[in-house]
Amino acid sequence: MALRMKSSMFVGLFLLSLAWKAWAKVQVNMEDRVEVFLGDTAQITCMFTVSDSPDNVIIQWYMITKTNVRLRIYYGNSTMQVVDRGGQFTDKISVNGKGNSSEVVLTIRDVKVEDELEFICHVNGMTAGSDEGRTMLKVFASPDRPIITGEESGISVSNENPSKIGSCEAKNGYPRPNITWYRDQSSLQNTPGEVIVVTLVTKESSGLYTVQSDLHLNVVKKDKDSFFYCEVSYLVPGGTKMTETNKINITVYYPTTSLDVWVESPKGSVKEGDTVEVHCRADGNPQPPFTFMHNMEELKSELNVLVLKDVTRQSNGNITCTALDLDTYEETLGQTELFVDYLDPVVLIPKDTHVIAQGEELMATCNAQSSLPTHTVWFKKGKKVAEGHTLTLKDAVFDMAGTYVCVVKVPSLEGLETTGSLRVFVQGRPEIKKSADPVQEVSPEKPQKLSCHARGYPTPVITWSSSDESQILKVSQRETEDEVLSVVSVKVTSDITAYCNASNDHGTVSISFNLKAIVQTTSSAPSTSVTTPLVPVTVVAPVTVTTVTPVTPPKRVKKEGSGVIIAVIIICILLLAILGSVLYFLYKKGKLPCGRSGKQDLTKPNKGGIVVEMKSDNTEEAVLLSVNGDKKPPSDQGDKYMYVQK
């Protein structure tokens, strides 16, 4: 009986224990993963609940190694916290929170690639039991900017197997980056016989990845204009990023199927005398060697350019360019036509020179053969005188003589022109161009230059003469076929007339030049005047009439004439003195019976003259009259002498 009771009690206690355990419970909640960049700090949170005695909770952190071994890295409760020594996290982790709290945080500093592990938070609630949670730590590293390189050598479309186009590389990424190739905007995937992408992955000592991708492709002709690039995609916390490389273009070799031949220079029409450049270009790559043929004659070219110098109309014809494919040895032909425009020399009728008489008419024509329409203009001394192929001169005069130039141009082609000239002579009696002032006042100090310009045909002959046979010195003479210009020097001492005479087979003409010598009258100033010498005159009464020829006051004449005039004046004064002495002698001898009634007044005004009046008195008187005839009083007459001065 007692045994039954004990058994019943034990069963009851056991059932009560099970019921308590079912009610007392520990629950742990954690994130599935925590993502962090390489080198950053990671925080893993462990949240838990304990239904009984939360102060006696024990917290333990574990990690799962790469070999799937569970290792503890931390132990702690409400009174102590211990980081296990000797592990990879000994110096880089810390835990916030204790066993009596409902949350603890594991902090990992300076995260490395090898820290990408699974971490376990184990919570032991003693009588409440235990529970644990797991979090995966993910580490990310963005790769360096990707680098792309293309093949430098050309790739032929005739290659049987795919050829390497380029290489793309992304360094130092984690997890491993992915590389995708693009042609223009289309991605390239592995296609047997056409596209091959070879990827090489390298894990560095740092745990980071370097990915290199090579693209091999069967190229076609259109790939010469295509651009290739690669795209690198990589994971980051919370998503994915992509980076594109620069774009590259490859050199594609493809055969020639056609040629383009053209005249590169000059642009537009070609004229005689031009240097012509003919270019040839193939639609293949590389450019094949070219051979040029001109009118079935092979010509030498440089750098696939044919140069024709000083082309003429004989250069017209077909120019053929031949290209040889060095792979297939097939020839491709191309051609162009060369046409050279021309303008022949001028044909003048009449040509060179032509002589017409005054009053006659001349009709001249100017033509030049050309491959293009022409335009003709006539010029004389640079001025346009006519337009068209014909020049007409009516009622010819000397002004129409000269050189006429006809210019024939091709308006549609600059630089294509030719010229011709016609010399026209107008036949007739000479004609002298009149001087602006036929009367000239000249100074005797220096010779005077005279010019005479005559025209006519045949060329006039000029001679000079003067009215007083003055010396005429020839200075210069310039002649043309129908004009002559003569310049002479004349020595002038008095008024003269010089004559220019022009003559030819048709007559003679002349023109005169009146040269007046400039004579300056002296003033009364002592420094510039010439005073007549004092002449004594004795007068005996009675005096009938004595007329003294007026003495012209001396005029100041420059250079050669002044000495002669002064000498004449002195001689006249001496003659007057002798005449006065003779009259005085006769008066003393009584040979002159004259009284007061014989007085004669000679004081009447006389232009420009000097009048002397003689009076019959018992005393001798000298009368001095002024030039204008006014009588001076005796008191002003001084001694009995007559002064004749200006």
Residue pair Thr210, Glu204: steps toward the side-chain hydrogen bond (donor to acceptor under 3.5 Å, both in side chains) verdict: CA-CA 7 Å; Thr210 294; Glu204 308 293 344; 2.9 Å; yes
Full working for side-chain hydrogen bond (donor to acceptor under 3.5 Å, both in side chains) between Asn178 and Thr180: CA-CA 7 Å; Asn178 291 318; Thr180 303; over 6 Å; no
Tell me whether Lys409 at atom NZ has more than 12 heavy atoms from other residues, nucleotides or ligands lying less than 6.0 Å away. no
Any Tyr74 side-chain heavy atom under 4.5 Å of Leu106 side chain: no
Could you walk me through whether Ile179 and Thr199 pass side chain to side chain contact (heavy atoms under 4.5 Å, CB included), step by step? CA-CA 8 Å; Ile179 297 178; Thr199 303; over 6 Å; no
Separation between CD (Gln88) and NZ (Lys112), nearest 0.5 Å, reads 12.0 Å
Quick check: does any side chain N or O of Asn218 sit under 3.5 Å from a backbone N or O of Ser163, one acting as donor and the other as acceptor? no
Please say whether more than 12 non-hydrogen atoms of neighbouring residues, nucleotides or ligands are located less than 6.0 Å from CD in Gln287. yes
Are any side-chain N or O atoms of Glu272 and backbone N or O atoms of Arg313, one a donor and one an acceptor, separated by less than 3.5 Å? yes
Could you tell me whether Met126 atom CE has more than 12 heavy atoms of other residues or ligands within 6.0 Å of it? no
Check whether any side-chain heavy atom of Glu151 sits under 4.5 Å from a side-chain heavy atom of Leu215, and report yes or no. no
Enter the distance from Glu330:CD to Leu324:CG here, rounded to the nearest 0.5 Å. 9.5 Å
A side-chain contact here means heavy atoms from C-beta on lying under 4.5 Å apart; do Val95 and Ile59 qualify? no
Does Met296 have more than 12 heavy atoms from other residues, nucleotides or ligands lying within 6.0 Å of its CE? no
So with a 6.0 Å cut-off around CD of Glu302, is the heavy-atom count from everything else above 12? no
Determine the minimum heavy-atom distance between Tyr342 and Asp344, stating which atoms define it. CD1-OD1, 3.9 Å
Should Thr365 and His389 be marked as a side-chain hydrogen bond (donor to acceptor under 3.5 Å, both in side chains) after you check the CA-CA gap, both sets of side-chain angles, and the distance that decides it? CA-CA 6 Å; Thr365 59; His389 297 292; over 6 Å; no
Working to the nearest 0.5 angstrom, can you tell me the gap between Ile250 CD1 and Ile155 CD1? 4.0 Å
The single option from Trp181, Phe228, Tyr229, Tyr182 that satisfies side-chain contact (heavy atoms from CB on, under 4.5 Å) with Thr245 is Tyr229
Okay, side chain of Ser51, backbone of Lys25: is any donor-acceptor separation there less than 3.5 Å? yes
Kindly give the heavy-atom pair with the smallest separation between Val410 and Ser370, and that separation in Å. CG2-OG, 3.7 Å
Are any non-hydrogen side-chain atoms of Glu337 and Asn318 less than 4.5 angstrom apart? yes
Tell me whether Arg109 contacts the main-chain N or O of Asp91 through its side chain, where contact means a donor paired with an acceptor under 3.5 Å. yes
Is the NZ or CZ atom of Arg70 both under 6.0 Å from the centre of the six-membered ring of Tyr62 and within 45° of that ring's axis? yes
Is Asn77 reaching over with its side chain to a backbone N or O of Thr79, donor-acceptor style, under 3.5 angstrom? yes
Over 60° means perpendicular and under 30° means parallel, so tell me whether Tyr174 and Tyr209 are parallel, tilted or perpendicular. parallel
Would you confirm whether Thr65, through its side chain, and Met63, through its main-chain N or O, come within 3.5 Å as a donor-acceptor pair? no
Hey, are the side chains of Arg183 and Asp223 touching, using non-hydrogen atoms and a 4.5 Å cut-off? yes
Minimal non-hydrogen separation, Lys66 against Glu116, with atom names: NZ-O, 2.8 Å
Mind running side chain to side chain contact (heavy atoms under 4.5 Å, CB included) on Leu308 and Leu299 for me, showing each step along the way? CA-CA 9 Å; Leu308 302 175; Leu299 300 178; 3.7 Å; yes
Identify the heavy atoms of Val252 and Val220 that sit nearest to each other, and give their distance. CG1-O, 3.7 Å
Within the structure provided, determine whether Val34 and Phe119 are in side-chain contact (heavy-atom separation under 4.5 Å). no
Do the non-hydrogen side-chain atoms of Leu117 and Leu137 ever get within less than 4.5 Å of each other? no
Does Lys380 have more than 12 heavy atoms from other residues, nucleotides or ligands lying within 6.0 Å of its NZ? yes
Short question: side chain of Asn124, backbone of Ile58 - any donor-acceptor pair under 3.5 Å? no
Are there over 12 heavy-atom neighbours, none belonging to Glu160, within less than 6.0 Å of that residue's CD? no
Determine whether the side chains of Thr256 and Asp325 contain a donor N or O and an acceptor N or O closer than 3.5 Å. no
Could Asp84 and Arg72 be called an ion pair, given the rule that one side-chain N must be under 4.0 Å from one carboxylate O? yes
Using a 4.5 Å cut-off on heavy atoms from C-beta on, say whether the side chain of Val340 contacts that of Asn316. yes
Heavy-atom nearest pair, Asn249 first then Ser226, reads ND2-O, 2.6 Å
Quick check against the 3.5 Å criterion: does Trp378 have a side-chain atom that pairs as donor or acceptor with the backbone of Gly388? yes
Which distance, rounded to the nearest 0.5 Å, do you find between the NZ of Lys271 and the CG of Leu343? 11.5 Å
Can you tell me if Ser167 uses its side chain to pair, donor with acceptor, with the backbone of Thr149 under 3.5 Å? no
Val157 to Pro255 - nearest heavy-atom pair and separation: CG2-CD, 4.0 Å
Atom CG of Leu259 and atom OG1 of Thr332: how far apart are they, to the nearest 0.5 Å? 5.5 Å
At what distance, to the nearest 0.5 angstrom, does CD of Glu244 lie from SG of Cys230? 9.0 Å
For the backbone of Thr257 and the side chain of Asp283, can you confirm whether one donor and one acceptor N or O come within less than 3.5 Å of each other? yes
Using a 6.0 Å cut-off, check whether atom CG of Asp32 has over 12 heavy atoms from anything other than its own residue. no
Phe227 and Asp184: side chain to side chain contact (heavy atoms under 4.5 Å, CB included), yes or no, with the steps? CA-CA 5 Å; Phe227 289 93; Asp184 296 327; 4.1 Å; yes
List the steps, then state whether side chain to side chain contact (heavy atoms under 4.5 Å, CB included) holds for Ser142 with Phe37. CA-CA 8 Å; Ser142 299; Phe37 277 113; 3.9 Å; yes
